[in-house]
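Quick notes on the structure that follows.
Letters A, B, ... mirror the listed sequences (proteins, then strands); counts begin at 1.
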Number of protein chains: 2
Amino acid sequence: MNIGEIAKRAGVSRSTVSYVLSGKRPVSDGTRQKIQRVIDELGYQPNASARALANGRTNTIGLVFPPAGNHYTGMQLDFIGNVVEAAAAQDYDVLLSPSGMDSDRSFQRLLGERRVDGAILMELRLQDDRFDHLNSVGLPSVAIGRTAHPENGWWVGLDHTALAEACVHHLADLGHRTIAFVNRPEQLLRAGYESAHRGLEGFTKAAAERGVTSRTYCCGDDASSGQACLERILHDEPATTALVTLNEAALGGLYRGLAKAGRHVPRDFSVTGVVASRWAETVTPQLTAADVPAEQMGRLAVDLLVERLDHPDAPARHHLLAPPISLRASTGPASTGPASTG
Amino acid sequence: MNIGEIAKRAGVSRSTVSYVLSGKRPVSDGTRQKIQRVIDELGYQPNASARALANGRTNTIGLVFPPAGNHYTGMQLDFIGNVVEAAAAQDYDVLLSPSGMDSDRSFQRLLGERRVDGAILMELRLQDDRFDHLNSVGLPSVAIGRTAHPENGWWVGLDHTALAEACVHHLADLGHRTIAFVNRPEQLLRAGYESAHRGLEGFTKAAAERGVTSRTYCCGDDASSGQACLERILHDEPATTALVTLNEAALGGLYRGLAKAGRHVPRDFSVTGVVASRWAETVTPQLTAADVPAEQMGRLAVDLLVERLDHPDAPARHHLLAPPISLRASTGPASTGPASTG
DNA sequence: TTGAAAGCGTTACCAA
DNA sequence: TTGGTAACGCTTTCAA
């Protein structure tokens with residue numbers, strides 16, 4: 001069934017049916033009702049491909065995220081869910097593209113075949129060549145995260161620098177003098193992941209400011225890497241009494257490592273970092289952390305993109321978020337006595 | 001740039017360019033190379049909407065999952081990620097539809113506007129009206145999960161009945177005589193969620209067979225509900241020494257509740273259930289559980305759907321999976337002495 | 001207020 | 001081995 005069929009049954013032309021559908025030109029009440037009745041009766045819905053071909057808009061946005069090779073973290077998955085929700089609320093569908101590298105077939109399809117009106121980029125790198133590709137084909141995009149030069153971009157980001165700083169200050173205020181930093185995997189750091197770089201930068205800066213002894217580690221995105229990383233931390237510097245982590249997937253392993261080392265959280269050892277709240281609340285004791293506002297960020301990203309699609313010449317906009325640290329149960333005063341273990 | 005432009009520059013007709021692209025009819029080596037050179041030079045890619053309109057295939061599959069209202073569990077998110085990966089491997093894109101109810105706009109768009117060639121359904125109910133809608137518009141689909149009457153359907157499912165039974169047997173073998181069952185939220189049970197129903201059925205049956213005392217609980221999909229549920233369990237029957245859970249999101253809360261009640265896992269209390277391995281390994285002690293093979297299931301679902309799309313008359317196929325229990329560290333012999341606490 | 005018809009960029013059939 | 005051309009189903013301009 002197509003628009004011609006509707007037109008025939010309603011005794012009007014196809015264009016009139018089209019205008020009833022789009023509302024782009026006035027249609028008399030009588031005709032409109034007649035047509036609407038036929039549409040409802042037959043449950044007609046216009047074909048998306050034909051519509052996209054004719055008017056150049058797909059009403060679909062692309063969500064570009066890295067392939068599972070590196071494992072999905074809970075945070076990434078949270079973003080996906082929330083972007084899809086927010087897009088649905090604006091009557092946009094979301095096409096997923098699991099592409100980190102610009103050479104990826106799926107990414108190429110999205111861009112080159114014009115399957116989407118615009119794209120949301122996740123897992124940003126400081127120098128992100130995906131922007132060049134998007135710009136070169138004229139596809140509007142919004143990033144979740146920001147590059148090294150975010151001045152004129154469209155993005156919604158988390159101020160990882162400030163967040164990591166806040167974590168250090170929180171721990172230093174509690175009297176901790178030796179603090180470790182658990183970052184994302186080295187491979188991602190080397191690839192230029194902005195959260196890893198900016199977080200590290202903030203941690204290092206604040207540690208220097210407060211004169212605390214610090215070491216930084218890269219850690220795989222899974223529990224067993226977290227456990228191994230913690231063993232390394234205590235081996236390298238047994239006097240360590242606290243850590244800051246950006247690595248949500250490793251969190252359970254970090255806790256396990258502490259338990260095995262006989263360090264009680266928060267009595268002997270404090271843990272904090274940047275983690276989505278729902279994961280922070282899963283561990284025991286619940287994690288004192290800067291909660292990643294995945295829902296808000298997903299919504300903002302979609303809103304920005306839709307705005308950009310509706311107003312191609314609108315000036316670039318962005319949102320830099322720096323949520324406060326939610327005090328839960330994983331941090332406490334540095335223990336005065338020696339927290340020795342075997 | 002379009003196919004006409006390529007044709008002009010290569011000095012051939014549009015149809016010949018099209019056939020070079022699709023390979024659906026032989027083209028002489030000379031012409032092919034001439035055309036291919038122009039294509040590469042200009043970086044031409046055919047427009048997806050036009051192609052879909054002309055040949056009736058979008059090369060996109062829809063992934064239908066419930067809205068975030070009920071929170072995404074890690075398992076659901078795992079499925080999404082793995083389906084997208086598997087689809088990309090077959091050069092299909094994935095369109096997400098956050099729709100539980102059939103009335104949902106996004107679901108309607110997917111079906112009615114023919115944005116996809118077929119669909120994968122997640123979070124199945126025993127009676128799932130989404131099938132009726134899909135069938136009524138002639139859209140092929142594959143379910144992750146199975147209805148009450150899966151005989152002639154296309155699906156890949158987990159044998160929750162057998163899995164829950166295996167959990168009970170495992171615990172009974174260890175000497176546990178009083179076991180609780182922690183299910184998904186009551187709202188989902190009432191809605192007819194198949195995993196909740198079949199899991200409950202398997203648990204109840206095995207508990208009866210083994211003559212163990214049992215109680216069953218519904219529990220919200222989050223940590224604090226898990227903690228509350230555990231308190232209820234111990235309040236209702238302090239002699240409980242083990243539990244089986246299908247509720248992954250509550251797991252952290254269950255553990256926390258046990259810790260607060262002074263029950264050490266696995267010495268005083270055993271925990272097992274059906275959980276994706278990556279989450280099972282996050283908690284301490286690591287969970288002995290039937291690992292949900294999310295990756296395999298995602299891949300199988302995509303493979304089945306692609307097969308069905310390629311062979312519209314192929315007989316229905318399905319895969320019923322019953323992964324073995326992975327022994328980790330959360331179960332042990334029932335404690336002989338009274339495991340008393342305040 | 002409405003209709004006719006020319007696109008939109010492909011595919012695939014029919015001829016040559 | 002290739003070219004011409006009619007679909008595919010919609011939107012939108014031009015006329016009435």
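Take the nearest nucleotide of DNA chain D for A54(B) and for S13(B): the residue whose nucleotide is more 5' is S13(B).
With hydrogens and angles disregarded, a donor-acceptor distance shorter than 3.5 Å links the side chain of D117(A) to the backbone of N59(A). R308(B) places a side-chain N or O within donor-acceptor distance of the main-chain N or O of S141(B), the cut-off being under 3.5 Å. Side chain of T60(A) to backbone of T58(A): a donor-acceptor contact under 3.5 angstrom is found. Panel note: side chain W154(B), backbone L305(B); no donor-acceptor pair is recorded below 3.5 Å. Looking at D128(B), its side chain never comes within 3.5 Å of a backbone N or O of L124(B) through a donor-acceptor pair. Although no hydrogens or angles enter the test, the distance criterion places a donor-acceptor pair under 3.5 Å between the side chain of E194(B) and the main chain of R146(B).
Look at NZ on K8(B): it is 12 Å from P on dG9(C), rounded to the nearest Å. Taking atom CD on Q33(A) and atom P on dT1(C), their separation rounds to 14 Å, with Å as the unit. Atom CD1 of I3(B) and atom P of dG7(C) are 19 Å apart (whole Å). Rounded to whole angstrom, the span from the CZ atom of R51(A) across to the P atom of dT10(C) amounts to 21 Å. Counting to the nearest Å, the C1' atom of dC10(D) and the CD atom of E113(B) are 12 Å from each other. Distance L53(A) CG to dC8(D) P: 14 Å, rounded to the nearest Å. In this structure, R115(A) atom CZ and dT10(C) atom C1' are separated by 13 Å, rounded to whole Å. Distance N2(A) CG to dA7(D) P: 13 Å, rounded to the nearest Å.
The side chain of V12(A) lies closest to dG3(C) when the candidates are dC10(D), dT1(D), dG3(C). Nearest to the side chain of N47(B), among dT1(D), dG9(C), dC10(D), sits dG9(C). Out of dG9(D), dT12(D), dT11(C), the shortest distance to the side chain of R14(B) is found at dT11(C). Each of dG3(D), dT11(C), dT11(D) was ranked by its minimum atom distance to the side chain of T16(B); first place goes to dG3(D). When each of dT10(C), dT12(D), dA12(C) is scored by its nearest atom to the side-chain atoms of K24(B), the top-ranked nucleotide is dA12(C). The side chain of S28(A) lies closest to dT1(C), out of dT11(D), dT1(C), dT10(C).
Across all strands shown, T31(B) has heavy atoms under 4.0 Å from sugar-phosphate atoms exclusively, and none from any base.
Between S97(A) and L110(A), the closest heavy-atom pair is CB-CD2, 3.6 Å.
The side chain of S18(A) places an N or O atom within less than 4.0 Å of a non-bridging phosphate oxygen (OP1 or OP2) of dT11(D).
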Identify all pairs in which a protein N or O lies below 3.5 Å from an N or O of nucleotides 13-16 of chain D, and state each distance.
unit_1  : atom_1 : unit_2 : atom_2 : d
dT13(D) : O4     : Y19(A) : OH     : 3.4

